[in-house]
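Below you'll find the structure, written out as structure tokens, and then a few comments.
As the structure is a prediction and not an experimental result, all values here were calculated from the model. Here is the naming used below: chain letters follow the sequence lines, and residue numbers restart at 1 for every chain.
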Number of protein chains: 2
Amino acid sequence: MGGTSGSGYADKVSRPSPAEDRELHGQVALLLSTRDQRYTAQRRQIVRALAKLGRPATIGELVEAATGVPLSTAYRNLSILGDADVVRRVGGADGFTRFELSEQLSGQHHHHVVCECCGLVIDAATSPTLEAALVETARAIAKANGFDVTEHRLELVGRCTSCRNTAAS
Amino acid sequence: MGGTSGSGYADKVSRPSPAEDRELHGQVALLLSTRDQRYTAQRRQIVRALAKLGRPATIGELVEAATGVPLSTAYRNLSILGDADVVRRVGGADGFTRFELSEQLSGQHHHHVVCECCGLVIDAATSPTLEAALVETARAIAKANGFDVTEHRLELVGRCTSCRNTAAS
DNA sequence: CCGCGATATGAGAATGACTATCACTATAGG
DNA sequence: CCTATAGTGATAGTCATTCTCATATCGCGG
């Protein structure tokens with residue numbers, strides 16, 4: 001396991017170590033070169049920001065974390081990085097698109113926990129039991145509806161600690 | 001078979017019978033009156049359209065199905081119906097918000113199958129096994145991250161029949 | 001080291017889904 | 001029937017996201 005959190009089950013997905021970080025940029029460069037794209041300073045900044053945040057981030061969070069990358073460049077590069085399977089778009093609970101590193105780069109299949117109050121999204125690992133049930137369901141759905149199901153996304157919706165404390169609402 | 005599809009497992013959620021349809025409008029009227037809202041002709045049109053389509057629908061689909069309801073009215077009423085727990089917003093795979101009747105009205109807890117190609121979203125029932133695993137996961141997540149998880153949303157992503165046939169892509 | 005063609009950048013304009021505004025209309029209920 | 005209250009709908013505004021294009025930078029052959 002990557003950052004080896006130890007507890008393993010349904011825990012917050014861990015942050016990359018420095019060594020993994022170096023490895024990460026190599027992989028990104030490879031993925032980009034496959035599509036005749038350069039790994040420029042701005043793109044590196046964005047990837048670094050994504051890795052540092054360790055959770056699906058909004059454009060606002062990204063341009064803040066990636067110093068000196070303007071909005072238009074961030075959007076364009078996020079789109080390119082998405083085409084190269086470096087980045088995945090995550091539909092937020094609020095109306096904000098969020099971005100995270102693809103699972104082949106972050107290294108772990110995971111799902112999301114969403115705060116319905118502030119829109120915060122964090123990663124969460126799954127259990128083998130859940131995954132087995134999901135795969136089984138996907139197969140049944142595909143059979144029943146003629147869909148070719150290739151992927152599943154799970155969102156646990158609730159309220160984060162700070163929102164629960166701040167507003168009673 | 002009225003609302004009960006028989007096959008039961010991971011099957012397409014069934015359409016309401018005429019009797020259930022009458023019942024539906026009664027429930028909507030009740031939910032609205034609780035919040036001092038009227039069940040007007042336009043709102044009835046929208047609810048009818050949602051029930052008829054039987055899957056998460058975009059604004060475009062709704063104004064087309066609900067004859068004579070202009071865009072602004074549709075948006076406003078969808079928002080009001082949302083506050084009254086009559087409709088639920090569903091974040092589409094493409095950038096389009098979709099709307100469906102709430103589970104207490106459509107009568108069945110279900111998940112969604114999304115076509116990554118054309119954006120079509122259809123309902124799909126779950127299995128007890130999956131639900132048990134989901135609840136278990138939610139509990140673990142809540143414990144690990146301090147989140148108060150109250151709901152889960154599952155999306156199976158793939159390709160619908162017509163998209164698979166039309167474009168090879 | 002120089003230059004050239006291709007690619008990336010970034011500031012600002014354009015797009016488009018969604019929301020707010022507001023004069024007008026319809027409804028409830030005394 | 002009259003008045004208060006709520007709903008309607010055309011239009012204007014908002015704002016995230018995308019497009020445009022002149023400029024800057026990169027890779028690479030000479």
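- A donor-acceptor pair under 3.5 Å is absent between the side-chain atoms of B:Arg159 and the main chain of A:Val149, judged by distance alone.
- Among the heavy atoms of the strands, none lies under 4.0 Å from A:Asp36.
- Remark: B:Arg139 engages B:Glu136 in a salt bridge (charged side-chain N to carboxylate O under 4.0 Å, His left out) (not counting sequence neighbours).
- Judged by atom type and distance alone, A:Thr40 does not reach the base of C:dA8 through any side-chain donor-acceptor pair under 3.5 Å.
- With sequence neighbours left out, the salt bridge (charged side-chain N to carboxylate O under 4.0 Å, His left out) criterion links A:Arg98 to A:Asp94.
- Phosphate proximity of C:dT9 to A:Asn77: present, with a side-chain N or O under 4.0 Å from OP1 or OP2.
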(message) Test salt bridge (Lys or Arg N to Asp or Glu O under 4.0 Å) on B:Lys52 and B:Glu61; report intermediate values, then the result.
(response) CA-CA 11 Å; B:Lys52 184 175 183 181; B:Glu61 293 171 325; over 6 Å; no
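- Across all strands, B:Arg76 comes closer than 4.0 Å to base atoms (heavy-atom distances).
- The side chain to side chain donor-acceptor pair (under 3.5 Å) search around A:Glu64 returns none, not counting sequence neighbours.
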(message) Base contacts versus sugar-phosphate-only contacts with protein, heavy atoms under 4.0 Å: please encode nucleotides 23-30 of chain C as B, S and - from 5' to 3'.
(response) ----B---
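- Between the axis at the start and the axis at the end of the helix from C:dC1-D:dG30 to C:dG30-D:dC1 there is an angle of 20°, using five pairs per end and rounding to 10 degrees.
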Show every donor-acceptor pair shorter than 3.5 Å between a side-chain atom in residues 79-90 of chain A and any protein atom, with sequence neighbours excluded, or say none if there are none.
residue : atom : partner  : partner atom : Å
A:Arg88 : NE   : A:Glu100 : OE2          : 3.2
A:Arg88 : NH1  : A:Glu151 : OE2          : 3.2
A:Arg88 : NH2  : A:Glu100 : OE2          : 2.9

(request) Could you go through the side chain to side chain contact (heavy atoms under 4.5 Å, CB included) check for A:Leu154 and B:Leu134 one step at a time? (result) CA-CA 9 Å; A:Leu154 174 63; B:Leu134 286 171; 3.6 Å; yes
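- Sorted by first and then second residue, the ring pair (Phe, Tyr, Trp, His ring centres under 6.0 Å) pairs involving residues 20-58 of chain B (not counting sequence neighbours) are B:His25-B:Tyr39.
- Under the 3.5 Å distance criterion, with hydrogens and angles disregarded, no donor-acceptor pair is assigned to the side chains of B:Gln42 and B:Thr73.
- Whole-Å rounding puts the A:Arg35 CZ to C:dT7 P distance at 14 Å.
- Screening B:His110, B:His112, B:His111 against B:His152 for a ring-ring contact (aromatic ring centres under 6.0 Å, His included) leaves a single residue, B:His111.
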Shorter than 3.5 Å, N or O on both sides, protein versus nucleotides 13-18 of chain C: list them out with atom names.
residue : atom : partner : partner atom : Å
C:dC18  : OP1  : B:Thr97 : N            : 3.2
C:dC18  : OP1  : B:Thr97 : OG1          : 2.6
C:dC18  : OP2  : B:Tyr75 : OH           : 2.7
C:dC18  : O5'  : B:Tyr75 : OH           : 3.4

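- Residues that satisfy the side chain to side chain donor-acceptor pair (under 3.5 Å) test with B:Glu103, not counting sequence neighbours, are B:His109.
- The stretch residues 66-92 of chain A participates, sequence neighbours left out, in no ring pair (Phe, Tyr, Trp, His ring centres under 6.0 Å) pair at all.
- Residues satisfying the side chain to side chain donor-acceptor pair (under 3.5 Å) criterion with A:Asp148, sequence neighbours excluded, are absent altogether.
- Chain A approaches DNA chain D over the interval D:dA16 to D:dC26, counting the first and last nucleotide 5' to 3' with an atom under 4.0 Å from its heavy atoms.
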